[in-house]
Amino acid sequence: MPSADPAELSRGTLFQALVAAVRRFGRHTPAQWEDAVPGSYGYGDLLKMSLALGRLCARLTQPGEHVGVLMPNVAATVALVIGLSSRRRVPCMLNYTTGSEGMQNACHVAGVRTLITSRAFLDKAQLTAQAEALRDVRIHYLEDLRRRFGIVDKLWLMGYALWFPAHTVPPADPEEPAVVLFTSGTEGRPKGVVLSHRALLANVAQILRIFSFGPGDRIFNCLPIFHSFGLTAGTLLPLVSGARLVLYTTPLHYKEIPRLIREKGCNTLFSTSTFLHHYARHATREDLESLRYVVAGAEKLAEPVRELWREKYGIDVLEGYGMTEMAPVVAVNLPDSNRPGTVGRLLPDIEARILPVEGIAEGGELHLRGPNLMSGYYRPEAPCVLEPPRSAAGEGWYGTGDVAKMDEDGYLTIQGRLKRFAKVAGEQVCLDLAESLARMLSSEAQHATLAVPEAGRGEAIVLYTTDPALTRERLAAAAQRLGLPEIVLPRRIVLRESLPLLGTGKVDYRRLAQEEQSA
């Protein structure tokens, strides 16, 4: 079976990529995709849903309109995204874990006035009240739209569109927006990240140049499609490559997910360090023995998690690195060249510059550019006004805000975020070091650090933990064993019952700081 041509991918649109996959792999591909809905989907089914949903939504919206999508991880959501973008509407993927306020902010930033969702989903996820609380937004339900697909529509679909799909949609430019995703908002109000067809498909092409995914693979994706990792690696990658896909609606079912991986025979899992920790604790060896690739992203891979997977299951987790602004994958370790502690080498065609930062002796701020770079931001203070990428490295560069260093072999190490450094007694100290020590000593608990002002020292590090047995003395002993200076230790330790988390499982530092300020 010929594989997708990486060079051709980024010269098309998401819809064109789906049509190309239908031609390459065939319409009748049973169990190509599976989700929470009974039954499965072939490529022909995905094309049919995309054409139908695109036609229905075009009647409700205008070309160029930003349309909110509030849907779970199911095949219909992917078809809706492709269908909207094929009609030159821009799907804006709302993160339902942010609550009503977060979704309202996202709608404001992207100028969303029309929202597509499902009554069944809202009922099951207990989101009906939050969706109905959104202001200045018209809500349309998929259940109602399907009833509007009449006999003329069915004749058009079955007699014409399915056979000549390229002639049923308006011409589109790969540089046009394919989706708008939203930053997590951990360090401020969420921004809209505008990703073109070119950026998304270029990132898929970059991944396929270093991983040989194809029809013999089966990918398990429980990362939300509103998250760039779940969208690109977990959804578009299998769509383009012919790999079979199992979509699951939440990453939080720690016992159910390992069982499903075994039942479906999946060989690839994309996840985060937090979730991998829970899956490893609840799984049996038989549950995960089919896995060939386990790739961790979205947050730093904790060393206890890496060791747990290796010792209990004999699996080397491959740590990667990315961000929404790069669609998102930037670097990743490979099975035959896995260097723990690093995030691997840059993907093909990505350029990097590391610019010096005052007070940081080793490494500097990482700046990136490449074909997978976003078109720009929508900011809360200027909704729907595209701000093209620009950084201290120049026009067309993205300043990641991460402190990084690269070794002579090209392996990238992320030392922390610039905003996650504290100035303690005149020295720049990475807050993540104290968290890493805490995770090493107490892998079952949650930990987070913040920098707070302190007279005479500039700032002090405060560690928040759910482990009552974690003491500064234990942290100091661990730091001494690792050769870390005392300055990295927290000044205070605050015990909490739980820490606020984002939908990806990462700590929501912004909310934690707000909670502490109001306490």
Side-chain angles (χ1 to χ4, degrees), residues 10 90 92-93 106 109-110 174-207 226-229 231-233 236 297-300 320-332 342-357 360 363-382 384-406 410-421 504 506:
S10 56
V90 184
C92 301
M93 311 300 292
V109 166
E175 295 298 327
E176 291 181 354
V179 296
V180 176
L181 304 181
F182 299 92
T183 61
S184 61
T186 56
E187 296 165 351
R189 293 176 66 189
K191 301 182 288 288
V193 179
V194 182
L195 294 171
S196 65
H197 298 270
R198 176 262 306 157
L200 290 168
L201 293 174
N203 203 220
V204 172
Q206 289 165 318
I207 297 169
F226 61 68
H227 188 271
S228 56
F229 195 15
L231 175 63
T232 300
L236 298 180
E299 62 177 334
K300 182 175 178 57
Y321 168 70
M323 65 284 301
T324 305
E325 291 84 350
M326 295 295 288
V329 187
V330 170
V332 66
T342 78
V343 294
R345 296 187 178 102
L346 296 173
L347 266 58
D349 300 327
I350 294 180
E351 299 176 70
R353 290 183 183 173
I354 296 177
L355 303 185
V357 175
I360 297 177
E365 185 184 6
L366 179 65
H367 296 253
L368 299 166
R369 72 176 176 183
N372 52 319
L373 179 60
M374 66 175 175
S375 301
Y377 280 130
Y378 292 150
R379 293 189 180 272
E381 58 271 22
C384 283
V385 177
L386 187 68
E387 179 186 295
R390 186 184 189 284
S391 77
E395 298 286 346
W397 286 82
Y398 168 64
T400 65
D402 288 327
V403 177
K405 61 181 180 180
M406 187 178 291
Y411 285 86
L412 192 66
T413 300
I414 305 300
Q415 298 164 282
R417 288 195 61 75
L418 274 174
K419 292 184 179 180
R420 296 282 298 148
F421 275 73
T504 56
K506 293 192 292 185

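For the numbers below, each heavy atom of this structure counts, side chains included, while hydrogens, waters and symmetry mates do not. This chain uses plain numbering: 1 for the first residue, then up along the sequence.
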Taking [X] for the side chain and [Y] for the main chain, is one N or O donor matched with an acceptor at less than 3.5 Å?
{"X": "R369", "Y": "I350", "result": "no"}
{"X": "T324", "Y": "T183", "result": "no"}
{"X": "R198", "Y": "L373", "result": "yes"}

- Message: Between V194 and M374, does the side-chain contact (heavy atoms from CB on, under 4.5 Å) criterion hold? Intermediate values first, please.
- Response: CA-CA 6 Å; V194 182; M374 66 175 175; 6.0 Å; no

- Query: Any side-chain donor paired with an acceptor under 3.5 Å for Y378 and E387?
  - Reply: no

- Consider only side-chain N and O atoms of N372 and Q206, and report whether a donor and an acceptor are under 3.5 Å apart. yes

Which heavy atom of [X] sits nearest a heavy atom of [Y], and at what distance?
{"X": "C92", "Y": "A110", "answer": "SG-CB, 3.9 Å"}
{"X": "M406", "Y": "L346", "answer": "CE-CD1, 4.0 Å"}
{"X": "L355", "Y": "A393", "answer": "CD1-N, 4.0 Å"}
{"X": "N203", "Y": "A327", "answer": "OD1-O, 3.1 Å"}
{"X": "H227", "Y": "A298", "answer": "CE1-CB, 4.2 Å"}
{"X": "G344", "Y": "A331", "answer": "O-CB, 4.1 Å"}

- Message: So, taking the atom named CZ in R390 and the one named OH in Y377, what distance separates them when rounded to the nearest 0.5 Å?
- Response: 14.5 Å

- Query: Given V332 and R345, is the side-chain contact (heavy atoms from CB on, under 4.5 Å) satisfied, shown in steps?
  - Reply: CA-CA 6 Å; V332 66; R345 296 187 178 102; over 6 Å; no

Quick one, [X] and [Y] - any side-chain contact, counting heavy atoms below 4.5 Å?
{"X": "S375", "Y": "L386", "result": "yes"}
{"X": "L181", "Y": "L195", "result": "yes"}
{"X": "L368", "Y": "M326", "result": "yes"}
{"X": "S196", "Y": "P177", "result": "no"}
{"X": "R353", "Y": "W397", "result": "yes"}
{"X": "V193", "Y": "V180", "result": "no"}
{"X": "T232", "Y": "P328", "result": "yes"}
{"X": "M323", "Y": "Y398", "result": "yes"}

- Task: Show your reasoning for whether side-chain contact (heavy atoms from CB on, under 4.5 Å) applies to V109 and R379.
- Result: CA-CA 6 Å; V109 166; R379 293 189 180 272; over 6 Å; no

- Message: Walk me through whether L412 and Y321 qualify under side-chain contact (heavy atoms from CB on, under 4.5 Å).
- Response: CA-CA 9 Å; L412 192 66; Y321 168 70; 4.1 Å; yes

